Amino acid sequence: MDNYSVIGKRIKNRDAVTKVTGKAVFAADIKLKGMLYGKILRSKAAHARILSIDVSEARQLKGVKAVITCEDTPLIKYSIHPLMADKLAFEDKKVRYIGDEIAAVAAVDEATAIKALSLIKVDLEELEGLFDPVEAMKEGAPKIHDHLETNVSKHFKMDCGDIEQGFARSDFIIEKTFTTHAQSHSSIETHACVADCGLDNQVTMWVNTQAPHPLKHRISQVLAIEPEKIRVIPPYIGGGFGSKIDLDTTHIACVLLSKKTGRPVKIINTREEQFTATRMRHPSITELKFGFNHDGTIVAKQARAIIDNGAYNSHGPSVMGYHNVMFSSLYRVENISYEGSLVYTNKNYGGACRGYGDPQATFAQETMMDMIAEKLDMDPIELRLKNSNHPDEKTANAVEITSCGLTETLEAVKKASNWSEKKKTKKKYRGLGVASMIYTGGGSRGSGFNYSGATMKMDASGTIFLNTGATDIGQGSNTTLTMIAAEILGMEPEQIRLITSDTDTTLPCMGTFGSRVTFCAGNAVSQAALNLKEKIIARAADILGEPVVRLEIKARNVCVAQEPEKGIAFSQIGAVSYSQKQEVLTGAGYYDGPEIAKDFDPKSYYAYPGPAMSFATHLAEVEVDPESGRVELINFYAAHDSGKVINPLLAEGQIEGGAVMGFGWALTEELKFENGRILNPNFHDYKLFSIKDIPQITPILVETIDPNGPFGAKGLGECAMVSTAPAILNAICDAVGVRICDLPATSEKVFNHIKLK
Amino acid sequence: MVKKYPVRVNVNGDDYEALVDPRKTLLQFLREDLDLTGTKEGCDEGDCGACSVILNNRVVSSCLVLAVEVDNAVIETIEGVKTGEELHPVQQAFVDSGAIQCGFCTPGMVITTKAMLQEMPNPSTKEVKEYLAGNLCRCTGYVKILDAVENAKEKLKNG
Ligand code: FES
Ligand code: FES
């Protein structure tokens with residue numbers, strides 16, 4: 001048993017009281033003196049050449065203070081990958097999806113800004129739209145980006161072992177195609193930004209971003225503004241799920257409009273804009289071919305994938321990399337072949353979305369695993385155990401597995417759900433389904449970076465401060481990071497003053513994505529705290545005249561071990577340091593790992609540089625109504641190996657929230673497109689799960705100790721929804737014998753499958 | 001200029017008088033004119049519940065109510081729930097149960113829960129689920145929100 005006083009405790013979210021009283025200030029709540037309201041003009045055409053834009057009438061409308069178009073920008077393209085930059089803040093020659101940005105307006109109030117948009121005249125020459133990636137890949141298809149040869153933004157092939165020999169050696173082969181659909185992140189808070197550039201050309205932005213430090217960098221690049229003139233301050237953030245990582249035209253428009261007018265400008269997305277013009281989960285088509293033996297050993301696996309990019313790259317290139325790496329790393333398979341194409345279409349474009357390509361890959365692979373179990377008449381859990389990953393192994397695609405609790409997660413859901421008994425006494429229309437997953441537990445250095453920094457200090461009163469660039473978007477990092485520091489410094493987490501995210505007062509952090517904050521920022525914080533602890537003890541040793549080795553920290557006192565009365569309080573140490581030694585005690589920590597292997601391929605992510613891998617198994621129990629096809633979730637078990645759990649209360653919250661987001665993707669949530677137009681851009685027609693729809697959910701924390709994580713911890717946030725959909729669809733198959741390979745499993749689809757049986 | 005109409009309203013125990021644009025929603029009026037930004041806008045279409053307030057003892061989506069309609073009404077927003085030093089039992093239950101992640105849905109959830117427990121002090125799980133079905137949360141998966149409601153029920157019974 002470990003002997004921690006803070007780590008592993010169910011400590012309440014440190015921001016909860018601020019949030020529960022309505023006092024937490026979110027971006028949309030900010031109101032500055034003289035503030036103007038901005039609105040963005042978006043394309044109504046899916047694919048068109050821009051012939052002319054006339055803003056003269058809009059400019060003349062009373063109350064309008066500025067109107068901007070591409071002419072007001074330096075025309076620098078961006079995307080998450082500098083080498084694959086393809087997006088302008090305002091397009092100049094072409095619009096490529098319904099929602100593409102053309103112009104922006106700042107006015108004294110919102111109504112005037114909306115009126116002004118209607119006065120902007122845009123002359124477009126409509127072009128043929130491409131909405132299906134398979135069509136877009138065909139030779140002779142119209143080009144969406146004129147500077148490229150084809151509509152394929154990225155293509156790669158990765159081979160490990162010998163795929164043909166592998167298939168030749170296999171007792172059986174199964175082939176199947178799987179498709180997945182677009183999901184909207186649907187954070188309840190929409191994108192919002194306030195920029196104030198009134199002061200000496202300084203740019204100050206209050207914006208709900210998951211990645212404030214990279215945002216500052218990108219604003220600097222795209223608007224050619226020196227970084228020292230930019231400050232990004234994230235207020236409280238109402239969820240993100242990946243949608244709030246990118247630089248967005250709303251940010252650029254706010255800055256430019258504020259510069260033009262000398263007044264602060266605020267832009268808030270409507271819910272419709274949130275659905276139609278912020279990122280979504282990439283739709284995908286994955287053809288799988290698996291070779292396996294009588295005993296269940298997977299000998300060879302092959303995937304050919306098409307990822308529907310939409311109009312621009314955003315995170316597409318690395319989402320496809322993750323689609324490969326997570327597909328290839330799950331299970332011990334020697335012969336692997338993956339070929340992927342990321343294809344432009346004239347639709348809203350995909351981005352980072354909880355799971356980052358992994359849910360698409362896992363849906364295909366984990367449905368295939370059940371098809372194999374069925375063919376072999378083998379228990380699906382046994383089949384997975386047979387092929388399970390193990391600690392301290394390298395996968396065929398050269399991914400280092402440090403800690404691994406996959407086997408334990410399989411055993412945990414089996415036990416908790418009473419699987420064996422229920423399988424034996426199966427009720428009609430009831431079914432059980434299982435699915436496992438692997439995902440990074442600490443971001444990666446695939447882009448070259450995976451940095452997080454933290455500083456700590458003790459002030460003259462002995463108060464301890466933690467400054468970190470990590471951003472809490474709701475997942476609770478403010479709580480977990482202060483817990484890590486508090487454990488090391490022998491105090492309570494609430495006693496630590498916390499400053500986060502503000503780019504002026506914190507060290508850079510890549511941001512909140514890739515399930516990386518606990519691991520990366522946690523390591524930085526832990527190092528900063530150890531660093532400060534050493535200095536506090538050294539100062540105490542000096543004052544007390546005791547050797548350092550005899551001293552320990554307890555409840556903000558440094559005392560001689562076994563002689564607690566011989567001690568000195570933090571307050572005195574702080575005072576002495578300031579007034580007598582004239583020295584501020586500080587600690588700093590920085591993480592940017594792991595080392596990148598020599599054979600790392602940045603295109604396919606072969607030898608993927610993730611510092612630790614997390615694992616999980618989900619198990620669903622469903623009942624299907626054969627008359628309507630309606631799937632009712634009865635029970636859901638989610639066992640996760642996220643290393644050492646820093647705070648079980650918050651970890652359970654991630655698992656429960658992720659599962660429900662996965663339920664939505666599996667059953668009810670689908671962005672419906674018609675000729676590039678999204679038909680259901682509202683919560684009435686785009687169905688999130690409500691409190692009424694949820695089953696009993698049982699989160700299970702299977703702890704491992706990762707050698708490189710802070711206190712052994714690994715990431716969790718994204719993992720929480722990755723294997724949810726295949727577990728449910730496998731359960732549907734168990735219940736009514738229909739194998740659905742195209743998501744989502746709507747009632748109508750399930751009903752039609754049952755009818756065709 | 002649009003003609004404005006006088007509105008007298010009591011919000012969280014305070015009386016306000018204002019001249020209001022007839023197109024303005026109650027949500028906009030609370031947030032912009034009264035600076036009560038604790039009430040959130042998630043959709044502005046009546047679909048998410050983030051804007052819930054108690055209007056004359058009934059929960060409403062304030063984005064679906066026009067400000068001119070609330071003349072002479074009594075309104076409670078999230079800012080009025082905690083009256084003294086202590087959190088209201090419903091708020092305390094949300095904090096204790098871990099029912100708050102990003103917190104954007106929280107004001108609406110707390111207001112709706114409070115109104116529900118005023119109407120029926122001992123709702124069944126089914127009734128709770130029905131009552132809160134209009135309040136969307138993308139973060140928590142609702143499990144700990146259900147815990148919070150149970151917890152609040154107990155707290156109010158014993159308090
Ligand atoms: S903002 Fe009123 S219901 Fe969503
Ligand atoms: S806590 Fe984020 S939407 Fe509910």
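The sequence lines fix the lettering, A, B, ..., with proteins before strands; numbering per chain opens at 1. What you are looking at is a predicted structure, and each value in this text was computed from that prediction instead of being measured.
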Enclosure of [X] [atom1] (heavy-atom neighbours >12, cutoff 6.0 Å):
X        : atom1 : answer
B:Arg8   : CZ    : no
B:Lys129 : NZ    : yes
B:Asn158 : CG    : yes

I need the residue from [options] with the largest number of non-hydrogen atom pairs under 4.5 Å to chain A.
options                                : answer
B:Ile78, B:Val81, B:Thr77              : B:Ile78
B:Asp44, B:Thr106, B:Leu36, B:Asp96    : B:Asp96
B:Pro107, B:Gly134, B:Ala133, B:Cys137 : B:Ala133

What part of [X] lies closer than 4.5 angstrom to a heavy atom of chain B: side chain, backbone, both or neither?
X        : value
A:Phe663 : neither
A:Ile188 : both
A:Asn682 : both
A:Ile694 : both
A:Ala24  : backbone
A:Thr270 : neither
A:Gln654 : both

Best-contacting candidate, [options], against chain B by heavy atom pairs under 4.5 angstrom:
options                               : answer
A:Asn13, A:Asp15, A:Thr21, A:Ile473   : A:Thr21
A:Leu688, A:Thr18, A:Asp693, A:Asp472 : A:Leu688
A:Gly476, A:Gly240, A:Ala16, A:Gly239 : A:Ala16

Write down the atom of [X], the atom of [Y], and the distance for their closest heavy-atom approach.
X        : Y        : value
A:Phe26  : B:Cys102 : CZ-O, 3.5 Å
B:Tyr142 : A:Phe689 : OH-O, 2.7 Å
A:Leu649 : B:Lys144 : O-CE, 3.6 Å
B:Gly42  : A:Phe683 : O-CE1, 4.3 Å

Please classify the contact of [X] with chain A as side chain, backbone, both or neither, using a heavy-atom distance under 4.5 Å.
X        : answer
B:Thr125 : neither
B:Lys40  : side chain
B:Leu132 : both
B:Val110 : side chain
B:Gln91  : both
B:Thr140 : backbone

Just verifying a value: how many Å separate [X] [atom1] and [Y] [atom2], rounded to the nearest 0.5 Å?
X        : Y        : atom1 : atom2 : result
A:Gln696 : B:Leu146 : CD    : CG    : 9.5 Å
B:Lys126 : A:Lys692 : NZ    : NZ    : 8.5 Å
B:Asp147 : A:Glu656 : CG    : CD    : 7.5 Å
B:Cys48  : A:His684 : SG    : NE2   : 14.0 Å

Do [X] and [Y] make a side-chain contact, defined as non-hydrogen atoms from C-beta onward lying under 4.5 Å apart?
X        : Y        : result
A:Gln475 : B:Gln101 : no
B:Cys139 : A:Phe241 : yes
B:Asn135 : A:Ile691 : no
A:Val25  : B:Thr37  : no

Do NZ/NE/NH1/NH2 and the carboxylate oxygens of [X] and [Y] come within less than 4.0 Å?
X        : Y        : result
A:Arg271 : B:Glu45  : no
A:Lys31  : B:Asp35  : yes
A:Glu669 : B:Arg138 : yes

Side chain of B:Arg31, backbone of A:Ala28: donor and acceptor closer than 3.5 Å?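 The answer is yes, because a donor-acceptor pair under 3.5 Å joins these two groups.
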
Quick one: ring pair (Phe, Tyr, Trp, His ring centres under 6.0 Å) pairs with a partner in residues 121-140 of chain B, sequence neighbours left out?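 Listed once each, the pairs would be none.
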
